Each structure stands twice: as C-alpha cells, then as structure tokens.
2 protein chains.
Amino acid sequence: MRPMGMKIELLRAIAHPIRIQILDELTKGVKCVSDFEDFFEVSQPNLSQHLSLLRRHGIIDYYVDGRLRCYFLKDPIIPDLIKLLKNDYEEELPSPACCPVTKKGVYPGDRRR
Amino acid sequence: MRPMGMKIELLRAIAHPIRIQILDELTKGVKCVSDFEDFFEVSQPNLSQHLSLLRRHGIIDYYVDGRLRCYFLKDPIIPDLIKLLKNDYEEELPSPACCPVTKKGVYPGDRRR
DNA sequence: TTGAAATATAATGATATTTGCATGTTTTGT
DNA sequence: ACAAAACATGCAAATATCATTATATTTCAA
C-alpha cells in the first residue's frame, strides 16, 4: 500500500489544467507529443515539461517508436480519479445542526442554515 | 455542473499534507481548531491558514459556538475523493502491446511515421 | 549526408505557495 | 473589569511552480 504522502504528491502532480487534459486524453489511449499539441494550446517545450513531470511521478510512461514518444497511463488510480472529477455533485453536504459536543452554536454572520 | 477548471482548483486546494489530514478528520465529523492541533503537528496560525484556504474554496465551512469554530465538510466530492485516495491499487495499468522493451509496435493513430 | 521533424533539456524570470512570527479579536471565567 | 482561551490576520522570507526562450538530441527521408 502506497503511503498517503505519495498520494498527496500524486494529487499535486495532476492538479494542473494541462496535465489533467493530458491524462484525460491518455485514458482514451496512447498518444504522442504532437497529438497533444494539436488538441490544446501549449508550446511544445512546455508540453514536454508537463509530460516529463508526470513521468517522474510514475503516473505515465512512454515507449519509443522511431522519433515518436508514445505516452500511456501507468498509475491505476488515474482513470478512477478522472471519472470522479467528471461526476456531477449538485447538493452540498448537510450542515450539522449544532456542535455535536456542546449542542450549541450558530453560524457566523448572515449565513443561512 | 461545475466546470473542470474549478475542480482542478479544488484539487490544488486539497493537495497538501495538512489539508488532506484536516479533510480526513472532517469526514468523521465536526471538529474545532484545537481538535486538529491535538491530532497533528502544526502551529495554530498555520492551521488557521489552511482552514481559511479550504473555506475560501468552499470546501469546508464552520459555525461559531462561543469561542470555538466548529468546522465541517461542505463540498460533496470530498468524502469520495478521500475514499479513493485510500484505495489500494496493486497493479499498474497494462502497457500497450507495443512496449518499450521490444522497441517495436505500431503507433495507434493516423500520424505519419 | 544533409536537413527537417519530433521531442527533450536548460536557463531565466515571473508569480504563487508555504511557513513563522507577531499581533489582533472575541468570548468566557473569576 | 481583567486575564486567559480560542482563533484569525498580516507580513515577510524561503521556496516552489510555471511559461518562455533558446538550444540540444535523435531519427527519418531525400
């Protein structure tokens, strides 16, 4: 079992708009660098840096095919994580009526209950 | 439906060891600031800063009970996210047929070779 | 063999994050 | 009224992240 510290590093690694897009594309299949360049607006060096970061974290990997680098997903948590992010959550969690310990308390300011 | 950009901001907001711990504790119930101080090693001002950040992002909220602030979870994605992070993933995802070892294989796509 | 395509790496500067520390505010007990 | 408890806030320093630009590497094709 991977320690929680590593999972937090994983979260930090993926918490970036471009890197999420990269991972989202990779859940659909193998892609090479210039495929991403076509899809979203980012310079090639910047894209490489994001790919490199994801690889350093063991989240993705690639194989070499001629002058292409074909990237693919490696960390099994990614598809589930992407799917979770795409979920639709309408309702907020129910607020507690009062402090469970003191059974007292009001919300600050004009916040409604 | 909350746009993906916001969800990424949410990821960034929670991707911190102390903030994950805070959220993990909050999935178990309402807690006030000094409860957290007992649990993990962090100064009171720093703890307050993390709580404040989470609240700015709408992830948690609190109500006032005397001089206590009782924090609770607000964003419904958090329990699912915490649970997912605690999952145990043993196996890596299967690499595509054309693997780095053989250096062979076809790139799946119509890009020119 | 020469050039271009595909991609990586390195250096730089700008911006953001994190923490520590000092101090402020509100509430409660005496 | 006073002091302490519980918490927040403001600021500065250290550090990390990010995009940009320039350059390097490898492979393929003519």
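Throughout, protein chains are lettered first and strands after them, A, B, ... in sequence-line order, and every chain is numbered starting at 1. Treat the numbers as computed from the prediction; the structure is a model and nothing was measured.
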D:dT17, OP1 or OP2 - any side-chain N/O from A:R12 closer than 4.0 Å? yes

| query | Any side-chain N or O of A:R69 under 4.0 Å from OP1/OP2 of C:dA6? | reply | no

- Message: Between B:S48 and D:dT9, is there a contact of a side-chain N or O with OP1 or OP2 at under 4.0 Å?
- Response: no

note: B:L53, atom CG; C:dA16, atom P; distance rounded to Å ~ 14 Å

Rounded to whole Å, CD1 of B:I60 lies from P of D:dC7 at a distance of 13 Å

With a 4.0 Å cutoff (strictly under), does any side-chain N or O of A:Y71 reach OP1 or OP2 of C:dA8? yes

Evaluate the criterion side chain to side chain contact (heavy atoms under 4.5 Å, CB included) for residue pair A:I60 and A:L23; output intermediate values, then yes/no.
CA-CA 8 Å; A:I60 64 179; A:L23 295 174; 3.7 Å; yes

Out of C:dT7, D:dA19, D:dT21, minimum distance to the side chain of A:P45 belongs to D:dT21

- Return no unless some side-chain N or O of A:H50 is found under 4.0 Å from OP1 or OP2 of D:dA19. yes

Atom CG of B:L47 and atom P of D:dA5 are separated, to the nearest Å, by 18 Å

Here the distance between atom P of C:dA6 and atom OH of A:Y63, to the nearest Å, is 16 Å

A:Y62 side-chain N/O to C:dA6 phosphate OP1/OP2 under 4.0 Å
no

B:E41 atom CD is separated from C:dT19 atom P, nearest whole Å, by 13 Å

Margin query: Side-chain N or O of A:R56 versus OP1/OP2 of C:dA8: is the shortest distance under 4.0 Å?
Written below: no

From CD of B:Q49 across to P of C:dG20 the rounded distance in Å is 9 Å

Looking only at C:dA8, C:dT19, C:dT7, the nucleotide nearest the B:H16 side chain is C:dT19

Between A:L26 and A:Y71 the two heavy atoms that sit nearest each other are CD2-O, 3.5 Å

When A:N46 and B:I18 are each assigned the nearest nucleotide of DNA chain C, the 5'-most assignment goes to A:N46

Ranking C:dA8, C:dT28, C:dA6 by distance to the side chain of A:L68, first place goes to C:dA6

From CG of A:D65 across to C1' of D:dT26 the rounded distance in Å is 14 Å

(Q) Check this for me: does any side-chain nitrogen of one of B:K86 and B:D24 sit under 4.0 Å from a carboxylate oxygen of the other? (A) yes

Against the side chain of A:R67, the closest entry in C:dA5, C:dA8, D:dA6 is C:dA5

Residues in residues 19-28 of chain A with a heavy atom under 4.0 Å of DNA chain D, by number, are A:R19

(request) For the pair A:R12 and A:E9, find out whether any cationic side-chain nitrogen is under 4.0 Å from an anionic carboxylate oxygen. (result) no

* If you measure from the Lys or Arg side-chain nitrogens to the Asp or Glu carboxylate oxygens, is any gap between A:R2 and A:D75 under 4.0 Å? -> yes

* To do: State whether B:S34 places a side-chain N or O below 4.0 Å from either non-bridging phosphate oxygen (OP1 or OP2) of D:dC7.
  => yes

